[in-house]
Amino acid sequence: MAYKLLVVDDEWDIVDSMRSRLTREGFTVTVASNGEEALRKVKEADPDIILLDLTMPRMNGFEVLREIRSKFTDRWRPVIIISAQTDLAVFKHAYSLEADHYLTKPCKMEDVLRGIQTMISLMPLRMPSADSHAPLPPVAEAPALKPLTPPVQIKEYAFKEIEEKWQRYWQEHRAFKAEISAKKKFYCLEMFPYPSGKIHMGHVRNYTIGDVYSRYKWIQGFSVLHPMGFDAFGQPAENAAIKNKTKPDSWTYKCIGEMERELKRMGLSYDWDREVSTCDAGYYKWNQWIFLKMFERGLAYKKASSVNWCASCATTLANEEVVDGGCWRCHTPVEQKELEQWYLKITEYKGRLLEDLDELSEWPERVKAMQTNWIGKSQGVEIYFHTKDDNQLIPVFTTRPDTIFGATYIVLAPEHPMVEQLIKGRPAEQAARAFIDKVKKESKTVRASAEVKKEGVFTGALAINPVNHEEIPIWIADYVLMEYGSGAIMAVPTHDQRDFLFAKEHGLSLRVVIQPENKPALSPETMTEAYEGDGLQVNSGHFNGLHNQDAKHKIAEWMKQHKTGKIQTHWRLRDWLISRQRYWGTPIPIIYCEKCGIVPVPYEELPVKLPSDAPFTGEGGSPLGKVREFVEVKCPKCKADARRETDTMATFFDSSWYFLRYCSPQNAQLPFDPREVKYWMPVDQYIGGIEHAILHLLYSRFFTKFFKDLVMLEFDEPFTNLLTQGMVLKDGEVMSKSRGNIVDPDSMIQKYGADALRLFMLFAAPPETELEWDDRGLEGSFRFLNRVWRIQADIKDQVAPGVTRALHKAIQKITDDVENFKFNTAIAGMMELVNEIYKNGADKPIYEALLIMLAPMVPHFCEELWETLGHKESIFKAQWPVCDPALLVEESVEMVIQVNGKVRSRIVVPTDTPAEKLKELIIADARSQEYLQGKPMRKFIVVPNKLINIVV
RNA sequence: GGGCGGAUGGCGGAAUUGGCAUACGCGAUAGCCUUAGGAGCUAUUGGGGUAACCCUUGGAGGUUCAAAUCCUCUUCCGCCCACCA
């Protein structure tokens with residue numbers, strides 16, 4: 001039986017070593033690093049023996065022991081105290097609390113094991129006795145525990161001091177100040193964070209990747225712009241305001257401060273002088289400026305649309321705030337409410353947004369595919385159906401005009417404007433109205449998520465199919481959306497799965513109009529699902545026999561001629577709703593006047609500032625609407641009493657142009673200085689999560705094109721290269737609070753230093769793929785740094801030529817890998833070089849070259865060693881090592897000899913030995929001959945300096 | 001349902017794009033060393049077999065002198081979008 005041990009100590013390294021050693025001895029080991037955790041673990045893991053340290057923060061060992069003795073009395077649980085306390089009073093007190101054994105730190109592992117063995121041997125003798133349930137006898141007051149001298153510095157390099165030292169150095173020397181110069185520029189940008197106050201592993205990964213690349217560019221001699229800022233508007237600040245009675249601005253700035261500190265502890269090479277926060281009036285002023293420019297050009301406009309509305313909170317809800325059809329805060333059922341809202345006419349740029357994707361050769365294909373789908377250009381035909389009774393037009397959009405002869409009914413969305421007149425006075429009116437009301441009540445999310453079941457009602461009206469003049473019924477169904485196409489479809493149940501299901505459900509007729517080739521013929525009676533593939537036209541009048549792909553065009557053409565339809569391009573992209581009925585965002589700079597209507601705030605009055613004293617109750621609509629001084633204004637045109645817009649902008653607006661603001665963050669005349677932008681833009685490398693593949697990137701592209709149209713920019717696309725980094729997982733799952741599997745970056749920095757953390761993040765996986773968090777892996781990175789650290793103690797004057805060759809091979813590989821973001825293999829290359837150095841030694845130039853290549857990844861560490869080696873300037877002023885191809889050439893190579901594709905032998909030959917010579921050598925090679933056995937060679941294939949394959 | 005991407009040792013991942021599968025790291029095993037312990041150093045580590053040798057990149061087939069890589073079929077997984085007409 002494996003005994004279960006619980007080891008409790010606040011010193012992580014002791015706990016860890018005990019765990020590994022005791023596990024090796026065959027025990028099941030649970031660990032805890034503080035008293036509270038220990039008690040929880042006693043309950044969960046039910047340990048047989050407990051090893052307990054006395055001095056721990058918050059709850060000391062005495063208290064833990066007391067708790068264990070009073071709460072866990074079901075059986076005897078030996079407790080071994082392992083403590084550095086040598087005071088007799090402490091010793092006595094521990095025993096008075098029924099400790100079973102006391103070991104003084106530092107102690108030998110053998111003593112620990114012996115102690116455990118003794119406890120095990122005693123176990124059968126010590127059953128729970130009656131008096132163990134009795135309350136503990138009163139004991140003398142616990143003696144004070146002496147604070148322990150901190151454990152000896154076990155780290156071989158003092159990362160803490162080193163990291164602080166160099167962070168200070170970079171700050172004081174403005175080491176990463178971006179400046180316009182004659183040098184080639186490089187703009188490296190990572191998506192700026194929402195200032196939640198704490199960084200998470202995703203940030204660490206994102207920013208480390210960007211940091212390595214920009215530091216690499218620094219060393220390469222580029223003029224680098226590497227800025228950081230905060231996407232600081234948004235709901236969490238408002239929620240915090242309601243909950244904690246704070247103000248959104250002070251809460252946000254506090255979070256920014258905390259986040260900044262954490263980012264700085266990562267040692268990131270930002271030009272902090274260019275920091276931007278979108279909630280600064282100096283920033284959002286330009287949001288308003290841009291909005292007005294768009295308004296002038298008719299790109300910002302107002303239109304009614306339905307929103308999720310909570311009647312009890314009197315507020316709008318984002319889709320994410322609708323939980324099970326109810327308000328996330330008060331669970332009141334969510335309704336759809338029509339509100340006048342501001343939109344941006346992004347659809348005006350749809351063609352350019354689609355076409356210019358071709359320019360983006362360095363973007364991941366999948367991001368481009370996602371954008372293409374989002375814009376959703378599709379070619380089709382708008383077919384004109386008419387009602388039978390009063391000849392009213394019902395246009396219907398389809399991408400499958402080839403199936404028109406199979407249309408056996410048409411379906412309107414419940415919101416379709418013609419529904420009312422169609423049902424009026426018909427027998428089905430009652431049922432139809434009930435159905436429409438039911439659908440209207442459902443929020444969009446509910447309606448979209450309702451799977452499979454397709455509900456609908458017959459209007460009682462008929463329509464005429466324009467190609468064959470057939471009379472077909474008009475239905476209303478929830479599976480047709482008003483937002484897409486014309487809000488009406490022709491239904492072809494045989495060739496569209498949704499129509500098929502609906503027709504079967506409601507007993508509507510089916511007709512096959514496309515027969516697949518080389519497959520059994522379809523018939524409506526036997527079909528179990530729609531056939532959506534290609535085939536030959538049947539039941540299609542004079543189009544019979546055509547392939548449906550040809551018929552598509554012929555039928556469209558025919559309808560155009562007979563004016564029964566028109567060829568139409570349809571786009572999925574909608575205009576962008578930017579109104580938010582919230583406080584913590586950019587106020588939309590608009591004034592409503594009874595006489596003059598919608599009046600823009602004059603430019604010279606910008607910014608329209610957020611009032612700082614808005615009330616936060618979470619109820620009764622936007623807090624802005626309750627601030628009289630804000631709402632009540634004079635009309636800029638006629639000076640009459642007027643009302644200010646209380647909606648604010650969606651935060652996506654803020655982030656659609658921040659990369660331009662970084663070029664001249666202080667500029668008071670314009671959103672960005674054209675001279676600076678001309679030098680720095682476009683962004684050479686953009687790095688961020690895939691979750692922004694659609695909206696943020698699309699909006700940024702839209703803004704860029706808009707600025708180009710204002711002649712403020714000369715380029716079409718803002719981001720030349722895009723890298724979408726993968727997520728950080730723990731145990732195969734995304735790290736999240738709800739899963740409780742968060743690993744806090746800051747605590748890892750405490751333990752191993754920022755450099756080790758950075759190194760691990762880069763080494764564990766390529767940037768694009770998911771990264772599985774692994775404590776052990778981080779330790780491995782830390783170990784590697786220590787290995788490199790120790791080389792300094794043993795630098796040779798001369799080394800074997802093999803080491804120099806290894807260096808140059810490494811330079812070639814690492815340079816190529818870093819350039820292409822293959823950091824994991826770049827680090828593997830460095831590890832190989834270090835292994836070589838451990839075998840054969842290194843001289844100073846080799847060590848220095850290694851440090852320079854390592855510097856972008858572990859900057860503090862390399863700066864420190866660089867200084868130790870006697871350099872006065874930062875390592876980032878050094879030259880990136882260059883590979884000398886002449887040194888790569890080896891005099892001899894080992895070649896693999898294959899016989900019939902299987903490795904049978906190897907020979908060492910001079911480099912570039914010709915094939916003829918190789919043949920001779922093989923005839924002389926005994927091992928090869930064994931396999932050839934005098935059989936004639938049919939083929940003799942040579943891959944130079946690598947491999948020979950002989951076919952017999 | 002549509003689109004994109006995956007599947008390689010006990011684990012994270014390599015493989016110059018068709019040329020020695022498993023680099024590098026983690027974990028594991030043994031030894032050395034010294035320390036209370038950790039750390040460090042050295043060696044071994046895909047599976048089977050005493051060995052020669054055989055097998056192995058989710059599965060089945062194919063192309064090729066040669067396949068993780070190309071082709072066909074198939075299974076499973078992940079992400080994004082989606083009653084999109």
Side-chain angles (χ1 to χ4, degrees), chain A residues 13-14 16-18 20-21 24 82 103-112 151-152 154-156 364-367 369-370 372-374 376 378 380 396-400 403 411 447-454 477-481 483-486 488-492 496-499 501-502 532 570 572 690-691 693-694 726-727 732 760 763-766 768-781 783-784 786-787 790 813 816 822 824-825 827-832 835 838 894-903 906 938-941 943 946-951:
Chain A
D13 45 336
I14 292 185
D16 235 46
S17 63
M18 294 261 260
S20 56
R21 183 63 202 274
R24 218 179 303 152
I82 302 182
L103 293 168
T104 324
K105 273 200 226 173
C107 59
K108 288 189 193 266
M109 203 59 215
E110 283 72 64
D111 295 335
V112 176
V152 245
I154 52 147
K155 312 293 177 250
E156 294 200 26
E365 284 306 318
R366 94 176 158 127
V367 173
M370 281 160 81
T372 305
N373 290 342
W374 189 259
S378 59
V396 153
F397 177 75
T398 180
T399 55
R400 293 291 305 272
T403 63
V411 191
R447 201 170 140 190
S449 67
E451 283 180 325
V452 203
K453 202 163 188 193
K454 303 188 186 319
D478 57 358
Y479 78 97
V480 174
L481 305 174
E483 291 84 34
Y484 192 84
S486 57
I489 63 159
M490 64 173 201
V492 186
D496 181 288
Q497 184 61 20
R498 286 159 306 160
D499 296 344
L501 292 174
F502 190 81
E532 296 182 341
H570 184 264
R572 212 193 70 109
I690 187 76
E691 66 273 21
I694 298 178
M727 287 185 294
F760 169 71
F763 180 59
E768 302 86 355
T769 59
E770 292 171 337
L771 184 152
E772 174 71 30
W773 176 261
D774 179 12
D775 289 303
R776 300 281 194 175
L778 176 56
E779 275 181 62
S781 297
R783 265 205 298 265
F784 171 70
N786 279 312
R787 260 166 93 76
R790 266 180 265 126
K813 178 183 172 54
D816 187 62
K822 289 155 83 178
N824 56 332
T825 51
I827 293 167
M830 303 213 225
M831 286 171 168
E832 279 175 272
N835 289 344
Y838 264 72
E894 187 190 63
M895 291 184 74
V896 167
I897 301 173
Q898 295 184 334
V899 178
N900 289 340
K902 297 207 164 174
V903 181
R906 286 155 201 275
R938 282 205 301 155
K939 259 186 189 173
F940 190 80
I941 296 145
V943 182
K946 259 186 194 158
L947 164 150
I948 302 152
N949 193 9
I950 306 160
V951 189

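In what follows, every chain begins at residue 1, and chains take the letters A, B, ... in the order their sequences are listed.
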Identify all pairs in which a protein N or O lies below 3.5 Å from an N or O of nucleotides 55-57 of chain B, and state each distance.
from    : atom 1 : to      : atom 2 : distance (Å)
rC55(B) : OP2    : K902(A) : NZ     : 3.3

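- Contact check, R366(A) against rC81(B): no side-chain N or O comes under 4.0 Å of OP1 or OP2.
- Not a single salt bridge (charged side-chain N to carboxylate O under 4.0 Å, His left out) links E691(A) to another residue, sequence neighbours left out.
- Side-chain N/O atoms of R572(A) include none lying less than 4.0 angstrom from OP1 or OP2 on rC81(B).
- Side-chain N/O atoms of R498(A) include one lying less than 4.0 angstrom from OP1 or OP2 on rC84(B).
- Between the P atom of rG78(B) and the CD atom of E768(A) lies a distance of 21 Å, rounded to the nearest Å.
- Secondary-structure annotation of RNA chain B gives the stems B:1-7 with B:75-81, B:10-12 with B:24-26, B:27-32 with B:40-45, B:46-48 with B:53-55, B:58-62 with B:70-74, with a stem taken as at least 3 successive Watson-Crick or G-U pairs whose two distances both fall under 3.5 Å.
- Atom NZ in K939(A) sits roughly 10 Å away from atom C1' in rA66(B) (whole-Å rounding).
- Backbone-only engagement by Y838(A) is indicated by non-hydrogen atom pairs under 4.0 Å involving sugar-phosphate atoms exclusively.
- Glycosidic conformation, rG48(B): anti, with the torsion outside 90° of 0.
- E779(A) contributes atom CD, which lies 9.0 Å from atom CG of D774(A) (distance to the nearest 0.5 angstrom).
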Note to self: With side chain to side chain contact (heavy atoms under 4.5 Å, CB included) as the criterion, how do T398(A) and M490(A) come out once you've worked through the C-alpha distance, each side chain's angles and the decisive distance to 0.1 Å?
What the structure shows: CA-CA 8 Å; T398(A) 180; M490(A) 64 173 201; 3.9 Å; yes
N/O to N/O distances under 3.5 Å, protein versus nucleotides 9-12 of chain B:
from    : atom 1 : to      : atom 2 : distance (Å)
rG12(B) : O2'    : A764(A) : O      : 2.7

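- Heavy atoms of P766(A) sit under 4.0 angstrom from primed sugar atoms or phosphate atoms, though from no base atom.
- Counting non-hydrogen atoms under 4.0 angstrom, R787(A) reaches the backbone sugars and phosphates but no base.
- Here V951(A) lies in heavy-atom contact (under 4.0 Å) with sugar-phosphate atoms only.
- Of the two residues contacting RNA chain B, namely G777(A) and E894(A), the nearest-nucleotide position lying further toward the 5' end is that of E894(A).
- Of the P atoms belonging to rA28(B) and rC80(B), the separation is 35 Å, rounded to the nearest Å.
- Atom C1' of rG19(B) sits at a distance of 29 Å from the matching atom of rU74(B), rounded to the whole Å.
- Comparing rU69(B) with rA7(B), their P atoms sit 11 Å apart, to the nearest whole Å.
- Residues that satisfy the ring-ring contact (aromatic ring centres under 6.0 Å, His included) test with W773(A), not counting sequence neighbours, are F760(A).
- Residue contacts for N835(A): at a heavy-atom cut-off of 4.0 Å it reaches the sugar-phosphate backbone alone, with no base atom in range.
- In this structure, K813(A) atom NZ and rA23(B) atom P are separated by 13 Å, rounded to whole Å.
- Partners of A693(A) by side chain to side chain contact (heavy atoms under 4.5 Å, CB included), not counting sequence neighbours, listed by chain and number: V367(A), M370(A), I690(A).
- Between the CD1 atom of I690(A) and the P atom of rG6(B) there is a distance of 13 Å, given to the nearest Å.
- The CG atom of L501(A) sits 15 Å away from the C1' atom of rA85(B) (whole-angstrom rounding).
- For the pair E532(A) (side chain) and Q497(A) (backbone), a donor-acceptor distance under 3.5 Å is present.
- Comparing the same atom, P, in rG6(B) and in rG10(B) gives a spacing of 23 Å after rounding to whole Å.
- With both ends at atom P, the span from rU22(B) to rC33(B) equals 34 Å, rounded to whole Å.
- A straight line from CD of Q898(A) to C1' of rC65(B) spans 9 Å, rounded to a whole angstrom.
- Comparing R783(A) and M370(A) along RNA chain B, the residue whose closest nucleotide (by nearest heavy atom) sits nearer the 5' end is R783(A).
- Qualifying side chain to side chain contact (heavy atoms under 4.5 Å, CB included) partners for I897(A), counting only residues two or more places apart in sequence or in other chains: S905(A), I907(A), I922(A), D925(A), S928(A), I948(A), I950(A).
- To the nearest whole angstrom, the two C1' atoms, one in rG46(B) and one in rU42(B), are 23 Å apart.
- Evaluation of the side-chain hydrogen bond (donor to acceptor under 3.5 Å, both in side chains) rule for N824(A) yields no partner, not counting sequence neighbours.
- In this structure rU45(B) sits in the anti conformation; its chi angle is more than 90° from 0.
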Run the side chain to side chain contact (heavy atoms under 4.5 Å, CB included) check on Y479(A) and I489(A) step by step: do they pass? CA-CA 10 Å; Y479(A) 78 97; I489(A) 63 159; 3.9 Å; yes
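- The separation of rC53(B) from rU63(B), taken at their P atoms, amounts to 29 Å, rounded to a whole angstrom.
- With sequence neighbours left out, the side-chain hydrogen bond (donor to acceptor under 3.5 Å, both in side chains) criterion links T825(A) to D817(A).
- Annotation: ring-ring contact (aromatic ring centres under 6.0 Å, His included) contacts of F784(A) (sequence neighbours excluded): none.
- In this structure, D478(A) places its CG atom 12 Å from P of rC84(B), rounding to the nearest Å.
- Taking only side-chain atoms of M831(A), from C-beta outward, the nucleotide of rC24(B), rC81(B), rC41(B) with the closest atom is rC24(B).
- E832(A) places its CD atom 10 Å from the P atom of rA23(B), with the value rounded to the nearest Å.
- Distances from the side chain of N824(A) to the nucleotides rC20(B), rG13(B), rU16(B) place rG13(B) closest.
- Using the six-membered ring where Trp is involved, F397(A) and H570(A) have ring planes that are tilted, between 30° and 60° apart.
- Partners of R787(A) by side chain to side chain contact (heavy atoms under 4.5 Å, CB included), not counting sequence neighbours, listed by chain and number: R790(A), V834(A), N835(A), Y838(A).
- Listed by chain and residue number, nothing satisfies the side-chain hydrogen bond (donor to acceptor under 3.5 Å, both in side chains) test with R366(A) (two or more places apart in sequence, or in another chain).
- If you take atom P in rC84(B) and the same atom in rU72(B), they sit 28 Å apart, rounded to whole Å.
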